[in-house]
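Here is the structure we will look at.
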Amino acid sequence: MWGVGIVLALLAVVGPLAERAHGDFRAHMVGHVLLGMLAPLLLVLATPMTLILRTLPVSQARRLTRLLKSLPMQVITNPLFAAILNIGGLWFLYTTELYGLMQQNMMFHILVHIHVFLAGYLFTMSIIYMEPTPHRLSFTYRSIVLVLAFAAHGILSKYIYAHPPSGISTTQAETGGQIMYYGGDAIELILIFIFCFQWYKNTRPRGVLLQSYGSKEYG
């Protein structure tokens, strides 16, 4: 999963797709789905932090653990903060002049792509806990943020469909909006399935224990 995620992220920033994305909004949106949604999901599922902690010497692993428990890490891994960085950043990109500026300035182009990738990774890992984390938040809280974030992402895709970004033709904006909407839906369904499965696993043992206890007491 780590290897495939890295390959998909690279496809979005180098190679034919990346070159075409400079003048074709449809190709740009395919890159957005790969870089900001699918690649982060695969990388999170690869559990890199677990591998790092198992590989590092004990002293360095302890220092890294203290860093993960710090207040700044607690803030940036909060699902609400990560959602604002992720979805809010996309709204800012496509509803302002930033998209046009990104196509004209290489520095902005690089920074925007780094932000899209890191924000997508932070949001994904803050919703589904694939690795041990010292800042576990409730499933209810994360589910509310998840629904709101996906709704905002869907609304943005429809906004792009109806209101093309500066310099983008109506035809390309309509197709790009559809790619963002339906491509995003497909990846969001995977994320929802994993999240709900984790929620089910978290609550199932409690029910099984209660049922077992009841059968012993009243059976």
Side-chain angles (χ1 to χ4, degrees), residues 1 5 8-9 12 28-47 49 68 72-96 98-99 112 115-163 165 173-207:
M1 288 185 181
L8 293 178
H28 165 82
M29 198 53 71
V30 171
H32 155 71
V33 173
L34 295 178
L35 183 67
M37 300 186 73
L38 185 54
L41 175 60
L42 292 173
L43 296 181
V44 168
L45 293 176
T47 61
M49 194 56 62
L68 295 175
M73 289 299 297
Q74 185 175 356
V75 172
I76 66 174
T77 57
N78 186 291
L80 182 59
F81 183 85
I84 292 173
L85 278 180
N86 188 23
I87 310 301
L90 294 178
W91 272 90
F92 185 74
L93 173 63
Y94 295 120
T95 60
T96 67
L98 181 59
Y99 177 78
V112 166
H115 173 85
V116 168
F117 173 72
L118 292 180
Y121 183 86
L122 274 176
F123 175 73
T124 304
M125 61 90 64
S126 71
I127 294 296
I128 53 172
Y129 293 151
M130 301 302 300
E131 305 182 275
T133 173
H135 310 300
R136 286 187 174 271
L137 296 170
S138 70
F139 282 97
T140 302
Y141 174 73
R142 285 182 282 152
S143 66
I144 292 172
V145 175
L146 185 67
V147 170
L148 292 176
F150 286 170
H153 189 266
I155 292 171
L156 176 59
S157 64
K158 294 179 180 180
Y159 182 88
I160 292 173
Y161 185 95
H163 305 280
E174 290 176 351
T175 306
Q178 290 175 333
I179 292 172
M180 183 179 181
Y181 185 85
Y182 293 110
D185 274 0
I187 299 169
E188 288 165 3
L189 281 175
I190 299 173
L191 191 60
I192 291 171
F193 174 81
I194 295 171
F195 178 79
C196 291
F197 182 68
Q198 289 179 333
W199 199 342
Y200 170 75
K201 285 180 62 179
N202 185 72
T203 56
R204 179 178 171 81
R206 211 171 300 167

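If you read the sequence from its start, that first residue is 1, and numbering goes on from there. Fair warning: this is a prediction, and the values are worked out from it, not measured in the lab.
Taking the side chain to side chain contact (heavy atoms under 4.5 Å, CB included) definition, one finds that Y181 meets it with S157, K158, D185, sequence neighbours left out. When the side chain to side chain contact (heavy atoms under 4.5 Å, CB included) test is applied to I192, the partners found at least two apart in sequence or on another chain are L146, F150, C196. Scored by the side-chain hydrogen bond (donor to acceptor under 3.5 Å, both in side chains) test, Q198 finds no partners at all (sequence neighbours excluded). The ring-ring contact (aromatic ring centres under 6.0 Å, His included) search around H32 returns H153, not counting sequence neighbours. For Y182, there are no ring-ring contact (aromatic ring centres under 6.0 Å, His included) partners at least two apart in sequence or on another chain. Under the ring-ring contact (aromatic ring centres under 6.0 Å, His included) criterion, W91 pairs with Y159, sequence neighbours left out. Partners of L189 by side chain to side chain contact (heavy atoms under 4.5 Å, CB included), not counting sequence neighbours: none found. With sequence neighbours left out, Y161 forms a side chain to side chain contact (heavy atoms under 4.5 Å, CB included) with E174, Q178. Every residue was checked against the ring-ring contact (aromatic ring centres under 6.0 Å, His included) condition with Y121, not counting sequence neighbours, and none meets it.
At least one side-chain heavy atom of T140 sits under 4.5 Å from a side-chain heavy atom of W199. For the pair F117 and L43, the minimum side-chain heavy-atom distance is below 4.5 Å. A 4.5 Å side-chain heavy-atom check between Y99 and V112 finds every atom pair outside the cut-off. With a 4.5 Å cut-off on side-chain heavy atoms, L85 and L118 do not count as touching. Within the 4.5 Å cutoff, the side chain of N86 has no heavy atoms near those of the L122 side chain.
What you find for F195 and I127 is that their closest heavy atoms are CD1-O, 3.6 Å.
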Distance-only criterion, 3.5 Å: show the donor-acceptor pairs between side-chain atoms of residues 74-84 and protein atoms not counting sequence neighbours.
unit_1	atom_1	unit_2	atom_2	d
T77	OG1	M73	O	2.5
N78	OD1	L80	N	2.9
N78	OD1	Y141	OH	2.7

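Atoms CG and CD1, on L156 and I87 in that order, are 8.0 Å from each other to the nearest 0.5 Å.
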